[in-house]
Q: 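First the structure, then my questions, so here it is.
Reminder, nothing fancy here: chain letters follow the sequence lines and each chain counts from 1.
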Amino acid sequence: MGPAASRPRLELRGISKSFPGTKANDNVDFTVLPGEIHALLGENGAGKSTLVKIIYGVLRADAGDILWDSQPVEIQTPKAARALGIGMVFQHFSLFEALTVAENIELGMDDPGDRRTLHARISALAEQYNLPLEPGRHVHTLSVGEKQRIEIIRALLQDPKLLIMDEPTSVLTPQEAEALLGTLRRLADEGRSILYISHKLEEVIALCHRATILRGGKVVADCDPAKESPRSMAELMIGTRLTPPKRTAIEAAGPERLVIEHLSAEPPDQFGTALRNIGLTVRGGEIVGIAGVAGNGQNELMAFLSGEQRAPAAEMIRIGGTPAGLLGPNRRRDLSAAFVPEERIGHAAVPDMSLVENAVLTGHRTAGFVSRGFMLLRLAGQFAQRVCDGFKVRHPGIQHAAGSLSGGNLQKYVIGREIQQEPKLLVAMQPTWGVDSGAAAAIQQALIDLAGRGAAVLVISQDLDELLAISHRIAVLYSGRLSPPRPTDQFTIEEIGLLMAGHGAAGAADQEGRSAA
Amino acid sequence: MSLTITVSILVSVIAAATPLLLAATGELVTEKSGVLNLGVEGMMLMGAVTGVAATLLTENWFAGVVTAAVAGAAFSLIFGVLVLTLRANQVASGLALTIFGTGLSAVIGTPFVGQPLARLPVFDAPVLSDMPILGPLLFGHDVLVYVSIGMLLAVAWFLNRSRLGLVLRAVGESHDSAHAIGYQVIAIRYGAVAFGGMMAGLAGAHISLALTPFWAENMTAGRGWIALALIVFASWRPLRVLAGAYLFGAVTIAQLHVQGFGIPIPSQFLSALPYLATVIVLVIISSNAARVRLNAPACIGKAFAPAA
C-alpha cells in the first residue's frame with residue numbers, strides 16, 4: 001500500500017518567498033515520492049498556498065531549488081508546470097457556469113484535440129476513476145461535488161505525475177468525500193503522487209502516507225499521520241495546546257425567539273433552489289445548526305430570514321412572536337434580531353468604508369447611532385473600539401477601511417458588531433468560513449456565550465465539525481427541505497451525512513411542517 | 001394575382017430585414033464577448049455615409065461597401081479604446097458613440113446630400129430567377145442580402161462549434177476565470193468590438209446603397225436601436241436573431257402596406273409601429289428575468305481589470 005522507496009518525484013530545497021511585511025515561506029525543504037499521498041498542513045497564513053503556487057508556477061520563489069525527478073527545474077508558468085506533469089485542482093473552481101462540462105474542460109486544456117474524441121476521453125476517465133459526469137450537462141445544473149469532478153478530470157486528462165489538491169473535501173458530503181478518497185487512493189496506486197492540503201485531520205490520517213506541517217512559513221514537523229492523532233497534529237499546527245470551544249447545556253428552554261412555519265418559496269431564477277415547507281423553532285438560550293452542502297437552499301433561507309427577500313406570507317416567519325415575514329431588514333432589527341451573512345466583503349461589510357461607518361450600517365437603529373438624521377460618530381467610534389477590543393480584532397485603526405483587515409479579523413469584527421448589540425436572535429451564516437482555527441474558536445465561543453446570555457442563535461454552516469461542536473440541535477437542509485431538528489448528541493456523523501446527501505429526509509420534513517423544540 | 005402581391009411583399013420584407021440582421025449579427029458577437037456597445041446606430045450612420053461617399057467618388061459600388069465596413073470597424077475601435085483600454089463605462093461610451101456618429105456622419109455627408117447613385121447590383125441566375133415564387137424569393141437580391149445570411153450562419157457556427165468561439169463565450173461569461181486560465185481577454189474583446197463595427201458599417205451601407213440609394217442625414221432612423229433590442233429578443237441565440245430580424249422587417253413593411261391600403265389610421269402611428277413592437281417585445285422578454293439572466297453573457301457591460 002505504501003509508496004515504493006525510490007527517487008523523489010518532487011524535491012524542494014530551501015524555498016523562501018517574501019511578501020511586503022511577511023515571510024510566507026522560510027527555507028522550506030520537502031519531498032514527495034512517486035505514488036505517495038503527501039499532506040501539507042498548517043493554519044491559514046502558514047504558507048501552504050504560497051508553497052503550492054510556487055510548485056504550480058503561479059509564483060516564483062525568491063530563493064531555493066526545485067528538483068523534478070532529480071533534475072533541477074525552473075517552473076515559470078502554470079503551463080510549464082502542466083508540461084512537467086503537475087496538475088492542480090483548485091479550492092475555488094474556475095468554471096464557466098453557462099457552458100457545458102466538456103466546454104469547460106476544453107477551455108482549460110492546452111491541446112484539447114477535436115470535440116468528439118474529447119467527449120469520449122472524458123467519459124472513459126469518468127468511468128475508470130468512478131467520477132460520474134455527463135460531458136453535455138451545463139455546469140450551473142451540477143452540484144458542488146460534480147463541479148469538483150470537472151476540475152479533477154481536467155487535471156487527469158493531462159496525465160499528471162503529481163496532482164495537487166487544495167482542500168478538496170471541504171465542500172463535499174461525508175459520502176462524496178469518501179468516494180473521492182477512494183479515487184485518490186487508486187491514483188496513488190498507479191504511481192501518481194498527490195499533494196493533499198486539508199484542514200480535516202481525520203481524513204489526513206485515513207488517507208495520507210506522510211504529512212509536512214508548516215507554521216509561520218517554516219516546516220515544523222514531518223510525520224507519519226498514522227502514528228498521530230488529530231489533536232497532536234492540530235497542536236503542531238498552532239504551536240500551542242488547543243482549547244476547543246465548550247458548549248454549555250441549556251438550563252431551561254427560553255421563549256420562542258424565531259419560529260419558521262410552512263415556509264415555501266420558488267427561486268427567483270433557475271440557479272436558485274426552491275424552499276419546501278420549512279419549519280423550525282429556535283428558543284432563547286440555544287444554538288441550532290443547519291447543516292447541508294452549499295446550494296441546497298441556504299442562501300435562499302438566509303435571504304428570507306434577514307428580510308432581504310420578503311416571505312410569501314407574514315406568518316411564515318415570526319421573530320419574538322411578531323409576524324415578520326413581510327418586514328424588511330431594519331424592521332426585523334427593531335425586533336432585536338441580528339444577521340451575519342456569508343460574504344463578509346460587500347455583504348456584511350462595505351470594504352471601502354471605515355470600521356466606524358460599518359458599525360453605523362447595522363447599529364443605526366438598535367444601538368442609537370443616529371439622532372434626528374445625524375450620525376453620532378463619537379458614539380459609533382466607541383462602539384467600534386469596544387468590538388475590536390472585545391473580540392481581539394487586529395486592525396490598523398477604527399478609521400481605516402474595513403477592506404484593509406484580513407479575512408479572519410474582519411469576520412471577527414462583523415460577528416462582534418452584531419453580538420455587541422446584544423440581539424435576542426442572531427442568525428449567522430458560515431461564521432468561521434475561511435478563518436483560521438484560533439479565530440474560529442474565538443468566534444464559536446462568542447456564539448456560545450451569546451446563547452448563554454439567553455439569546456437564540458441559528459447557525460447555517462457547511463462545516464459539520466463546527467455545528468457538532470457548538471449546536472444544541474441540528475437540522476439538515478437538502479434540496480430546499482429541512483429535516484426535523486434533533487439534539488446533537490443523538491446524531492451520528494453517518495446519519496447527518498445521509499441526510500446531507502438526501503437520503504431519508506424528504507418525507508419526514510413534510511409531515512412535520514413545524515417541529516417543536 | 002394575390003400570390004404575386006404576397007411574393008412582392010416577402011421580397012420587400014427581406015430587403016427591410018437585411019440591415020437589422022447585419023447589425024444584430026455583429027453586435028451579437030460583441031455582446032457574447034461581454035461588451036455592450038450601444039453605438040450601433042452611430043456606427044451604421046458612419047457606414048452609410050462613407051459607403052455613399054466612396055461609391056460616388058470611385059463610381060464603384062464594391063469600393064463603397066468595403067469602405068463602409070472598414071469605417072464601421074475603425075469607428076467602433078474608438079469605443080474599444082475607451083471601454084477596453086481606458087475601462088470607461090460601456091453604456092455612457094456607447095451612447096456617446098451614437099451621438100458622435102450622428103454628428104460626424106452629417107458633416108461628412110454634407111456634399112453628398114440628395115445625390116442620386118446606382119443601387120447595388122442584384123444577383124440574378126439565368127432560368128432559375130424566372131421560377132414562380134421561389135425565383136423572386138431566392139434571387140434578384142443585392143449582394144449584402146446574401147452576405148447577411150451567410151455571416152449569420154458563419155457566426156452561429158463560430159460561436160457554437162469553433163474553439164475560438166468557445167473562448168469568446170468564456171470571456172463573456174467570466175473574464176476573471178478566462179484570464180486565470182490564460183486567455184487574452186482584452187485582445188479577444190477588441191476583435192469582437194471591431195467585428196461588430198464592421199457589420200454595423202455594412203448594415204449602414206445596405207440602407208444607403210440599396211434600400212434608399214442616396215445619403216440623407218440620420219437616415220438609419222433608429223434601426224440600430226432595433227438591432228440592439230433584437231439581440232435581447234433573441235436571447236443571444238444566432239438563429240433567433242435571424243427569425244427576429246425578419247419579424248421586425250415584416251412589421252416595417254406591414255405598416256407601409258397598411259398605409260397603402262388606405263386604412264384610416266394616422267400614418268404617424270403606423271410609422272411608429274416597428275418601434276412600438278420593439279418596446280412591447282422587450283417588455284415581454286424582460287418580464288421573465290430568469291430567462292434573460294440564463295442566456296445573457298454574465299460579464300456583459302463589466303470592465304475587465306486583470307488582477308496584478
Side-chain angles (χ1 to χ4, degrees), chain A residues 19-20 53 56-59 76-83 87-119 135-136 138-141 147 150-151 154-155 158 166 266-274, chain B residues 28-29 31-34 156-185 187-189 231-232 234-238 240 285-302 304-308:
Chain A
F19 294 110
K53 281 179 182 163
Y56 196 57
V58 180
L59 292 174
Q76 309 260 11
T77 59
K79 196 169 174 171
R82 289 197 289 266
M88 173 137 187
V89 176
F90 292 93
Q91 181 183 8
H92 302 289
F93 311 133
S94 51
L95 295 176
F96 302 93
E97 296 278 323
L99 304 183
T100 66
V101 170
E103 286 172 340
N104 267 283
I105 290 175
E106 183 181 341
L107 279 166
M109 292 177 68
D110 298 322
D111 176 26
D114 83 277
R115 284 202 184 153
R116 208 161 307 154
T117 327
L118 185 63
H119 271 242
H138 280 91
V139 169
H140 66 84
T141 65
K147 287 180 188 173
I150 301 177
E151 294 263 352
R154 181 149 85 181
Q158 318 267 0
D166 190 0
E266 292 306 317
D269 60 61
Q270 76 182 87
F271 296 106
T273 308
Chain B
L28 174 69
V29 171
E31 291 193 12
K32 271 288 184 186
S33 81
W157 178 86
F158 168 78
L159 286 177
N160 293 320
R161 290 276 175 271
S162 76
R163 174 149 170 95
L164 189 57
L166 173 62
V167 173
L168 183 129
R169 279 187 291 145
V171 164
E173 204 52 51
S174 167
H175 46 217
D176 291 323
S177 294
H179 176 71
I181 295 179
Y183 294 111
Q184 303 289 325
V185 172
I188 288 164
R189 287 188 171 168
I231 293 165
V232 183
S235 51
W236 290 269
R237 301 215 190 141
R240 289 195 197 162
I285 300 269
S286 310
S287 66
N288 189 344
R291 198 178 112 145
V292 172
R293 210 179 317 174
L294 180 63
N295 290 306
C299 275
I300 194 158
K302 291 184 194 158
F304 172 66

Q: Using salt bridge (Lys or Arg N to Asp or Glu O under 4.0 Å) as the criterion, list what pairs up with Arg189(B), not counting sequence neighbours.
A: none
Q: If I compare all heavy atoms of Arg163(B) with all of Glu106(A), which pair ends up nearest, and what's the gap?
A: NH1-O, 3.0 Å
Q: Contact between Val139(A) and Glu173(B) at the side-chain level, heavy atoms closer than 4.5 Å - yes or no?
A: no
Q: Check whether Leu99(A) gets within reach of chain B through its side chain, its backbone, both or neither, counting any heavy atom under 4.5 Å.
A: side chain
Q: Applying the side chain to side chain contact (heavy atoms under 4.5 Å, CB included) criterion to Leu166(B), which one of Leu107(A), Asn104(A), Thr100(A) satisfies it?
A: Leu107(A)
Q: Report which part of Ala298(B) has an atom under 4.5 Å of a heavy atom belonging to chain A: side chain, backbone, both, or neither.
A: neither
Q: Taking salt bridge (Lys or Arg N to Asp or Glu O under 4.0 Å) as the test, write out the residues that go with Glu103(A), two or more places apart.
A: Arg169(B)
Q: Identify the heavy atoms of Phe96(A) and Ser174(B) that sit nearest to each other, and give their distance.
A: CE2-O, 3.4 Å
